Amino acid sequence: FVRLRYRTAGGSPAMGESPEGLIEHKLYYWVKTKIQDEYKQLKPEYVAQKYGVPAKELFSYWEKEIDCDKAVQTLPRTLSLIIFFALMLLSHEMLGPAQSIERAIRFDIEENANFAFNGVGTFGNKNIQDVNSFADFYSWFRLGFAAIYMPQTSSVSEGSSLPAVNLTSAETAEYLNFNRKLGPIKLSQQVAKVTACENPDLLNVIDVSNDTRCFSQSHEFFIQPTDFDIGFLEYVEDTSKTVWLDYKDPTRMIEELENSSWLTKDTNHWQITVVTYNPDYDILTVTGIHFLLARSGRIWKQITFMSLKTRPYANLWSLAWEILFFGSILTIFIEEVYEVVTGIIAARNGGKCRPMQFIREYLGIWNAVDWVSIIIAFTLLGMWIATCLDRQTLEELVIMLTNTCYAQNASGCQDLQADLLDATTEAGLLAGRTSLVSSFYPFCILLRLFKTFSLQPRLAVVTRTLWTSVEDLAHFGIIFLSVFITFVFMAMGFFGRTVPGYSNFQIAFVTLFRALMGDLDFDAMEEQAGRVIAGIFHITFMLTMLLILLNMLIAIIMDVYAMTKQNAAHSDPVWYDVYDYFSRLWQRRTGNRLNIWTAKVVCMTSLQDKNDKHEEYGKSQTSFFGLDVTEDKETLITFETLRELVPQMSDEQVEQSIQESVEWYAKTTEVTVNNQEMFQGIRQLQQAAGIDLQQATGAIRASVDLGAMESVNEKVQEIAQNDLKDLLKATQWRLDKMEAPSRSRDLLSQMVSSVRMVQDEQLVDMRL
């Protein structure tokens with residue numbers, strides 16, 4: 001290979017050589033050097049002074065500096081956006097007070113509304129969770145809930161001799177001391193839909209009641225429903241069975257309901273609804289006590305709440321956080337619109353009408369993140385305005401309801417109570433949707449934060465790692481989901497009969513993922529399938545999913561992370577960028593420096609104007625500026641050229657830009673050396689040192705003549721001038737960059753070390 005290379009240099013030019021016998025430098029591709037000097041180490045200052053820098057590398061350096069400046073500018077604003085949104089959300093939701101009220105009501109209903117009293121009648125043995133039949137419901141309603149929510153007499157301590165006195169209307173209007181009852185109690189129900197039976201022939205044979213109806217399972221729950229399930233459950237009220245209960249004689253009215261068979265097997269969902277208002281927190285609370293009759297015969301119980309603050313701007317801090325947050329969003333919107341308008345105008349300048357080309361370049365992932373965050377923020381603003389209007393209507397209805405009910409107008413009180421419940425339900429649903437969108441919006445802010453991180457190489461390590469490994473993660477995800485879903489079906493088959501967490505696919509998927517994270521109910525699995533089967537399933541699942549696949553996932557990410565971190569190691573830390581940003585800002589304010597973005601645009605425009613005069617430059621890719629000069633590797637930008645292209649730049653900034661762009665290119669460019677090129681460099685060292693490879697090999701096998709070695713040493717010292725030193729540095733550099741097995745690297749390192757010893761006036765090592 002080496003002989004062929006030299007022979008080619010003597011004849012026709014080899015690949016990569018110019019007609020004058022010069023070839024490209026291995027690092028600085030725009031520098032032409034002699035053969036054997038392609039690995040010579042050149043200082044960036046020398047390259048910048050003598051050769052300049054290609055336009056592509058200059059623009060790449062400028063873009064890096066612009067991105068770092070953007071990171072310094074946008075990071076504080078993004079962090080402030082998070083803070084403003086968090087404070088606005090907390091002031092809107094009133095999480096602490098609302099949760100305190102709801103917990104107090106829930107505790108009172110679950111613990112104090114008892115039935116199944118003992119003979120003395122002082123201790124109830126059952127609560128709402130023990131309601132398993134219609135008779136249990138009427139007992140709980142009459143003896144338990146009515147006693148705590150609709151008391152007729154005052155409460156006295158146990159064993160006290162004080163008599164219980166009748167309560168006044170003002171006293172019965174209070175609940176848990178600090179809550180005010182609004183209007184009567186509403187009882188409503190939903191009737192199940194009748195559907196065809198799956199096996200009507202068998203039903204006709206065994207049925208003795210002549211009731212051959214079957215009911216729809218659209219509202220069926222196989223495990224305990226949550227507040228979220230009830231909140232999004234469709235509830236079609238049968239208005240013919242709606243009942244309003246006042247506070248005068250609750251026992252009589254409940255007994256009338258039981259006598260009239262208000263509940264039948266046609267009922268699949270009924271609820272008790274009450275409205276209270278807490279003046280200390282200015283919170284209106286709608287409490288719903290739900291009973292769902294499953295077609296299996298079980299009655300599910302759940303208590304839900306809907307709390308709203310009637311005056312959201314009683315505290316002016318809430319308005320202040322809103323102004324700051326939506327003001328920041330408006331600023332981002334104006335900046336994005338300005339960028340689009342100026343980009344389209346720039347695309348049309350000089351007759352180059354390429355607005356669609358600009359739009360394609362503009363629609364990147366990070367600009368999409370900006371627009372999504374803007375759209376969702378304005379959507380939140382509209383929903384919040386509608387919520388405030390609904391709460392104003394609620395306040396007016398509460399005032400009208402209170403005046404009407406106190407005036408003993410029963411029909412008007414019920415009508416207003418129905419209007420209040422409907423308005424509260426609508427306002428609560430809108431508030432719930434607003435809260436749901438608000439809960440997801442921090443994810444948009446997180447993406448904006450990642451956008452800011454992506455502008456600074458040290459901060460972009462995580463985002464670039466995920467983006468680089470997305471293909472590997474996608475292929476791994478296919479394998480992971482395939483194996484995981486297989487285990488889900490296995491778990492449903494083994495444990496689905498008795499373990500609630502495996503009753504259907506959706507629930508089993510979540511349960512098994514929780515098991516993967518360590519939340520595993522092994523006792524329930526063992527009780528259903530037996531200790532052996534449960535143990536084998538558990539061990540196999542953990543070995544496959546946790547110890548193998550999840551560790552492979554970590555290995556995939558860490559492999560890419562190591563490469564990304566290595567590439568970012570050449571970049572400056574973020575605090576250096578902060579210092580550089582303020583330093584450049586001060587120089588711009590004093591008139592000693594031109595903005596980098598302005599310099600880039602002026603330089604691109606000047607190059608474009610020159611290229612328009614020479615048609616041979618029109619073969620490159622085009623952008624909205626016409627020719628994509630940012631990808632031009634042929635045009636070299638020297639100090640004089642840059643001064644001509646951008647006359648507004650000072651001489652100091654011109655020299656600094658070109659020199660730092662060369663230094664940045666040298667830092668971020670990886671040069672690899674194959675084995676052939678490495679051996680070529682070693683051969684050059686041997687020839688320069690006057691050492692024959694065969695003699696060196698024989699010296700290892702035979703005894704070494706120290707006198708002969710000293711003569712070789714003297715010969716080497718005669719030629720050990722700057723040429724040999726440069727050659728040694730270049731060879732050592734090749735060794736650092738080469739891609740070779742470890743043994744080859746060790747042998748080559750030994751040879752280079754031996755020549756270095758000769759150069760340093762030491763005895764020739766026996767390994768040579």
Side-chain angles (χ1 to χ4, degrees), residues 102-167 172 174-177 179 181 184-190 221 223-227 230 241 243 245-274 276 287-305 500:
E102 293 172 1
R103 283 177 175 267
I105 297 175
R106 180 187 296 273
F107 182 84
D108 190 48
I109 295 174
E110 292 180 345
E111 298 296 330
N112 297 330
N114 301 321
F115 67 104
F117 287 89
N118 57 15
V120 182
T122 58
F123 182 79
N125 294 280
K126 295 183 179 181
N127 58 19
I128 187 175
Q129 298 302 329
D130 297 308
V131 174
N132 297 312
S133 65
F134 296 156
D136 288 343
F137 168 73
Y138 290 120
S139 298
W140 170 84
F141 194 15
R142 177 168 47 85
L143 301 176
F145 182 74
I148 64 171
Y149 194 79
M150 298 181 288
Q152 301 300 304
T153 59
S154 62
S155 300
V156 295
S157 61
E158 185 176 354
S160 175
S161 60
L162 294 176
V165 297
N166 293 329
L167 297 176
T172 56
E174 292 184 353
Y175 177 58
L176 296 179
N177 298 323
N179 300 285
K181 304 172 188 175
I185 299 174
K186 179 182 179 181
L187 274 76
S188 62
Q189 64 171 269
Q190 176 181 263
F221 288 99
I223 61 174
Q224 174 66 40
T226 63
D227 293 357
I230 300 298
K241 291 195 174 185
V243 178
L245 301 181
D246 55 28
Y247 305 101
K248 292 182 179 180
D249 192 0
T251 301
R252 178 186 58 82
M253 291 184 290
I254 296 172
E255 289 178 350
E256 290 178 357
L257 288 176
E258 185 175 6
N259 293 332
S260 63
S261 298
W262 186 72
L263 294 176
T264 64
K265 63 188 256 184
D266 294 348
T267 306
N268 74 334
H269 184 185
W270 71 94
Q271 63 176 330
I272 303 171
T273 308
V274 297
T276 57
T287 304
I289 308 172
H290 299 264
F291 299 86
L292 294 95
L293 178 60
R295 297 301 98 182
S296 61
R298 181 167 183 176
I299 299 178
W300 299 106
K301 285 76 65 175
Q302 187 59 264
I303 304 174
T304 62
F305 299 94

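For the numbers below, each heavy atom of this structure counts, side chains included, while hydrogens, waters and symmetry mates do not. Only a predicted model underlies this, so the values are computations on that prediction, with no experimental measurement involved.
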Close side-chain approach of F115 to D130, heavy-atom, < 4.5 Å: yes

Separation of L162 CG from S157 OG (nearest 0.5 Å): 6.5 Å

Any P250 side-chain heavy atom under 4.5 Å of Q152 side chain: yes

Q302 vs Q224 side-chain heavy atoms within contact, under 4.5 Å: yes

Q129 vs K301 side-chain heavy atoms within contact, under 4.5 Å: yes

Flag, side chain of K186 to backbone of I272, donor-acceptor distance under 3.5 Å: no

Row check, W140 ring normal vs R142 NZ/CZ: under 6.0 Å, within 45°: no

Intermediate values then yes/no, side chain to side chain contact (heavy atoms under 4.5 Å, CB included), L263 and F291: CA-CA 11 Å; L263 294 176; F291 299 86; over 6 Å; no

Interatomic spacing from CD in Q189 to CH2 in W262 - rounded to 0.5 Å: 5.0 Å

Nearest heavy atoms of N114 and G124, plus distance in Å: CB-CA, 3.8 Å

Residue from V131, I128, N132 passing side-chain contact (heavy atoms from CB on, under 4.5 Å) with F137: V131

Verdict with reasoning, L187 to L245, per side chain to side chain contact (heavy atoms under 4.5 Å, CB included): CA-CA 8 Å; L187 274 76; L245 301 181; 3.5 Å; yes

Interatomic distance, L293 atom CG to H269 atom NE2 [nearest 0.5 angstrom]: 11.0 Å

D108 vs N112, side-chain hydrogen bond (donor to acceptor under 3.5 Å, both in side chains): CA-CA, chis, key distance, verdict: CA-CA 5 Å; D108 190 48; N112 297 330; 2.7 Å; yes

Pairwise distance CD1(I254) to CD1(I185) - rounded to 0.5 angstrom: 8.0 Å

S260 OG to K241 NZ distance, which is reported to the nearest 0.5 Å: 9.0 Å

Mind listing the side-chain donor-acceptor pairs of residues 143-151 below 3.5 Å, one per line with the distance, residues two or more places apart or on another chain?
none

Heavy-atom side-chain proximity of N268 to Q190 below 4.5 angstrom: yes

Non-hydrogen side-chain atoms of I289 and V274 separated by less than 4.5 Å: no

Min side-chain heavy-atom separation S154-L167 under 4.5 Å: yes

Criterion side chain to side chain contact (heavy atoms under 4.5 Å, CB included) on D246 and M253, from CA distance to verdict: CA-CA 9 Å; D246 55 28; M253 291 184 290; 3.1 Å; yes

Between NZ on residue K265 and CZ on residue F134, distance to nearest 0.5 Å: 10.0 Å

R106 and E102 ion-paired at < 4.0 Å: no

Stepwise side chain to side chain contact (heavy atoms under 4.5 Å, CB included) test for Q271 and S188: CA-CA 6 Å; Q271 63 176 330; S188 62; 3.6 Å; yes

Side chains of T287 and T273 in contact at under 4.5 Å (non-hydrogen atoms): no

